[in-house]
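Accompanying notes for the structure given below.
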Amino acid sequence: MRFPRILMLPALLAGTPAAMAQATAEQPASGIAYAAIPEGAWSVVAQVRARPGKEDALREATLPLVALVRSDPKNLVYFLQEDRDRPGHFIFYEIFATRADFEAHNAMPYVRQWFARLPELAEGGVTVMQMDVLGHR
């Protein structure tokens, strides 16, 4: 098993607040750019559950969406998660700047193809909550 590199280990070992602050300041910017998410952004929390025996097939059909959606310049955040206690239960967390951006995402051919496969792979389709992003700055 590979573990992520610990980039601030020297600062942690040094143990001084100044050393820790310097190590943090030297780190390249990465992760979610919260400042780029506009107030009132269109957020979606969705879930889908695999039919019994279709857990692996749904996972295989769904995993390619991660790279495809994240490559869409209108997508600000996209996470696919699977319940550790119930394999085949997936939660999507997505943020788009506007509702129109989200609707354009849903019209993409790869998303439409994924939805077309759901009757054979999922129980009850997708449950979607459409949310506003608040207080993120």
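All values derive from a computational prediction rather than experimental measurement. For reference, positions follow the sequence shown, starting with 1.
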*When you look at His89 and Glu82, which way does the side chain to side chain donor-acceptor pair (under 3.5 Å) test go after all the steps?*
CA-CA 6 Å; His89 179 199; Glu82 184 173 13; over 6 Å; no
*Could you give me the CA-CA distance, side-chain angles and deciding distance for His105 and Val111, then say whether side-chain contact (heavy atoms from CB on, under 4.5 Å) is met?*
CA-CA 7 Å; His105 155 73; Val111 175; 3.6 Å; yes
*Report the C-alpha distance between Val77 and Phe96 in whole Å, list the side-chain angles of each, state the deciding distance to 0.1 Å, and finish with yes or no for side-chain contact (heavy atoms from CB on, under 4.5 Å).*
CA-CA 7 Å; Val77 176; Phe96 294 85; over 6 Å; no
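Residues Val128 and Leu65 share a single hydrophobic cluster, defined by chaining ILVMFWY side chains whose heavy atoms lie under 4.5 Å apart. In this structure, Phe102 is not a member of the same hydrophobic cluster as Tyr93, with clusters built from ILVMFWY side-chain heavy atoms closer than 4.5 Å. Under a hydrophobic-cluster definition in which Ile, Leu, Val, Met, Phe, Trp and Tyr are linked whenever side-chain heavy atoms come within less than 4.5 Å, directly or via other members, Ile37 and Trp42 are assigned to different clusters. Residue Leu63 is grouped with residue Phe92 when hydrophobic side chains (ILVMFWY) are merged at heavy-atom distances under 4.5 angstrom, including chains of intermediate members. Note: the hydrophobic cluster containing Leu68 does not contain Leu76 (ILVMFWY, side chain heavy atoms under 4.5 Å, direct or indirect links).
The line from CG of Asn75 to CG of Asp101 is 9.5 Å long, rounded to the nearest 0.5 Å. From Gln81, atom CD reaches atom CD1 of Ile91 across 7.0 Å, with rounding to the nearest 0.5 Å.
When all heavy atoms of Asp132 and Gly40 are compared, the pair lying nearest together is OD1-O, 3.9 Å. Taking every heavy atom of both residues into account, Ala122 and Val48 meet most closely at CB-CG2, 3.4 Å. Scanning all heavy atoms of the two residues, the minimum distance from Pro119 to Ala116 falls at CD-O, 3.3 Å. Heavy-atom minimum distance, Gly88 versus Leu58: O-CD2, 4.1 Å.
Counting only distance, with no hydrogens or angles, the side chain of Arg59 and the backbone of Lys54 share no donor-acceptor pair below 3.5 Å. Within the 3.5 Å criterion, the main-chain N or O of Gly53 finds a donor-acceptor partner in the side chain of Glu55.
Residues in residues 108-126 take part in these side-chain hydrogen bond (donor to acceptor under 3.5 Å, both in side chains) pairs, two or more places apart or across chains: Thr62-Trp114.
With sequence neighbours excluded, no residue satisfies side chain to side chain donor-acceptor pair (under 3.5 Å) with Arg70.
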